[in-house]
Amino acid sequence: MAKKEVTVEQKLRALYDLQLIDSRVDEIRNVRGELPLEVEDLEDEVAGLNKRLEKLNNDLDTIDEGIKTKKNLIEEAKALIKKYGEQQKNVRNNREYNSLSKEIEFQELEIQLAEKHIKEHKVQIIQKNEIIDQTKGKLAERNNHLSHKKGELDAILAETEKEEQALLSKSEDYQREIEERLVSAYKRIRENVKNGLAVVAIERGASGGSFFTIPPQVQMEIASRKKIITDEHSGRILVDQELAREEKEKMQALFSKL
């Protein structure tokens, strides 16, 4: 059985219907605007702040360990000082006494150096805690902002996601009904023109969204629907106003059911 031939008018109607569907999807996505990107950026920022907090707390643990090590060193040095002091009481000559005195002096210097490091570590702890408090404050503020933005996005998605998915499915259905050559041309034009409008109706003697007047003879050819005509300035596919009106009414009925 021979495949039924599709007329130019049917192709134009199908292309305009496809445009109306894709434009409705664009409208839905424009309502979401930059919200998905804002949410993604906030999530990345929150993750970064949490990672920073984790590192700061790890730094605090390292500093605490450093203080414990220095305190242990001080206790060991004090024990050695006590030991060397006891040994000095039983030395047989000045040389042994002086040697032990040097050991005691060295351990006293070790204690002074350890105490200095402990003070430095305590200053570092204060500084780290200040940064942690600032980071926690910023994290709380970013989390609140993220929660607010997610709420906005979820509300919009709840209203529009079902319709968007239905429209995308319809768009695919219509694309399958149109020959591949025309679909490719439609997509190419759509990517290259403002607002994604690849198929437009003539308005006041010019193509939709354009100020360039279309010659009367060309307008008559468009109205005859005998061939596919593109705007020489924008490259858009042109349809007459009556066809556009009819298809808009048909599509409005479809959209209202989604």
Side-chain angles (χ1 to χ4, degrees), residues 26 28-162 164-165 168 191:
D26 292 343
I28 290 171
R29 289 175 175 172
N30 286 336
V31 169
R32 287 203 294 267
E34 298 295 316
L35 264 179
L37 287 176
E38 285 182 48
V39 168
E40 189 178 333
D41 288 344
L42 283 167
E43 286 174 338
D44 289 344
E45 190 176 355
V46 165
L49 288 168
N50 278 318
K51 194 170 182 180
R52 189 181 185 198
L53 271 178
E54 184 182 351
K55 184 181 182 303
L56 287 165
N57 284 315
N58 288 338
D59 290 346
L60 277 181
D61 290 340
T62 302
I63 294 169
D64 282 336
E65 285 300 316
I67 289 174
K68 287 176 186 176
T69 301
K70 296 300 178 186
K71 283 182 176 179
N72 289 336
L73 190 150
I74 289 170
E75 291 304 313
E76 290 170 5
K78 284 180 178 178
L80 286 172
I81 288 170
K82 185 178 179 182
K83 175 186 169 183
Y84 296 145
E86 291 295 325
Q87 288 177 357
Q88 277 182 327
K89 294 175 184 178
N90 301 312
V91 295
R92 290 170 292 181
N93 53 56
N94 285 339
R95 193 175 126 207
E96 286 182 20
Y97 186 89
N98 289 336
S99 177
L100 290 168
S101 293
K102 285 182 180 178
E103 288 294 337
I104 290 170
E105 185 180 347
F106 175 76
Q107 294 304 323
E108 286 173 342
L109 288 172
E110 285 285 281
I111 289 171
Q112 289 175 19
L113 185 60
E115 287 175 340
K116 180 186 175 186
H117 285 157
I118 287 171
K119 286 179 182 177
E120 289 173 351
H121 285 331
K122 286 180 176 178
V123 170
Q124 288 175 350
I125 287 172
I126 292 170
Q127 291 171 341
K128 293 282 182 187
N129 278 323
E130 286 176 356
I131 296 170
I132 285 171
D133 288 342
Q134 291 170 5
T135 305
K136 282 181 176 178
K138 189 172 183 181
L139 179 60
E141 185 268 326
R142 294 285 88 186
N143 267 322
N144 285 336
H145 195 39
L146 174 59
S147 178
H148 175 70
K149 288 293 181 182
K150 271 187 172 179
E152 283 184 27
L153 182 58
D154 289 344
I156 291 170
L157 286 174
E159 291 176 7
T160 61
E161 192 168 23
K162 184 180 177 183
E164 181 182 356
Q165 291 306 314
L168 289 172
E191 287 173 1

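All of these numbers come straight from a predicted model, not from anything done at the bench.
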Distance, nearest 0.5 Å, that separates [atom1] of [X] from [atom2] of [Y]:
{"X": "Ile67", "Y": "Thr62", "atom1": "CD1", "atom2": "OG1", "answer": "11.5 Å"}
{"X": "Lys116", "Y": "Leu109", "atom1": "NZ", "atom2": "CG", "answer": "12.0 Å"}
{"X": "Leu35", "Y": "Leu42", "atom1": "CG", "atom2": "CG", "answer": "10.0 Å"}
{"X": "Asn58", "Y": "Lys55", "atom1": "CG", "atom2": "NZ", "answer": "8.5 Å"}
{"X": "Ile74", "Y": "Glu110", "atom1": "CD1", "atom2": "CD", "answer": "10.0 Å"}
{"X": "Lys149", "Y": "Asp41", "atom1": "NZ", "atom2": "CG", "answer": "11.5 Å"}

Any non-hydrogen side-chain atom of [X] less than 4.5 Å from a side-chain atom of [Y]?
{"X": "His117", "Y": "Leu113", "result": "yes"}
{"X": "Leu80", "Y": "Glu103", "result": "no"}
{"X": "Asn57", "Y": "Leu60", "result": "yes"}
{"X": "Ile125", "Y": "Asp64", "result": "yes"}

(message) Parallel, tilted or perpendicular, judged at 30° and 60°: which one describes the rings of His145 and His148?
(response) parallel
(request) Using the test side chain to side chain donor-acceptor pair (under 3.5 Å), find all partners of Ser147 that sit at least two apart in sequence or belong to another chain. (result)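 Scan of Ser147 (side chain to side chain donor-acceptor pair (under 3.5 Å), adjacent residues dropped) gives none.
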(request) Could you list the residues that satisfy side chain to side chain donor-acceptor pair (under 3.5 Å) with Lys128, not counting sequence neighbours? (result)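 Residues passing side chain to side chain donor-acceptor pair (under 3.5 Å) with Lys128: Asp59.
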Can you give me the closest heavy-atom contact between [X] and [Y], atom names plus distance?
{"X": "Gln88", "Y": "Tyr97", "value": "NE2-O, 3.4 Å"}
{"X": "Leu146", "Y": "Val39", "value": "CD1-O, 3.8 Å"}
{"X": "Asn143", "Y": "Val46", "value": "OD1-CG1, 3.5 Å"}
{"X": "Ala77", "Y": "Ile111", "value": "CB-CG1, 3.5 Å"}
{"X": "Gly66", "Y": "His121", "value": "C-CD2, 4.0 Å"}

(request) Indicate yes or no: does Arg32 engage Glu164 in a salt bridge with an N to O separation below 4.0 Å. (result)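 Yes, this pair counts.
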(message) Between Lys68 and Glu65 (salt bridge meaning N to carboxylate O under 4.0 Å), is one present in this structure?
(response) yes
(message) Lys122 vs Ile126, test: side-chain contact (heavy atoms from CB on, under 4.5 Å). Steps then yes/no.
(response) CA-CA 6 Å; Lys122 286 180 176 178; Ile126 292 170; 5.7 Å; no
(message) Between Glu86 and Lys89, is the salt bridge (Lys or Arg N to Asp or Glu O under 4.0 Å) condition met? List the steps.
(response) CA-CA 6 Å; Glu86 291 295 325; Lys89 294 175 184 178; 3.5 Å; yes
(request) Inspect the surroundings of CD in Gln165 and state if more than 12 heavy atoms from other residues, nucleotides or ligands are less than 6.0 Å away. (result)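 Yes, the 6.0 Å shell around CD holds more than 12 heavy atoms from other groups.
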(message) Within the supplied structure, the quantity of interest is the number of heavy atoms (other residues, nucleotides, ligands) at a distance under 6.0 Å from Lys138 NZ; does it exceed 12?
(response) no
(message) Show me the pairs that pass side-chain hydrogen bond (donor to acceptor under 3.5 Å, both in side chains) and involve residues 43-54, at least two apart or across chains.
(response)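 Of all non-adjacent pairs touching residues 43-54, those that pass side-chain hydrogen bond (donor to acceptor under 3.5 Å, both in side chains) are Glu43-Lys150, Glu45-Arg142.
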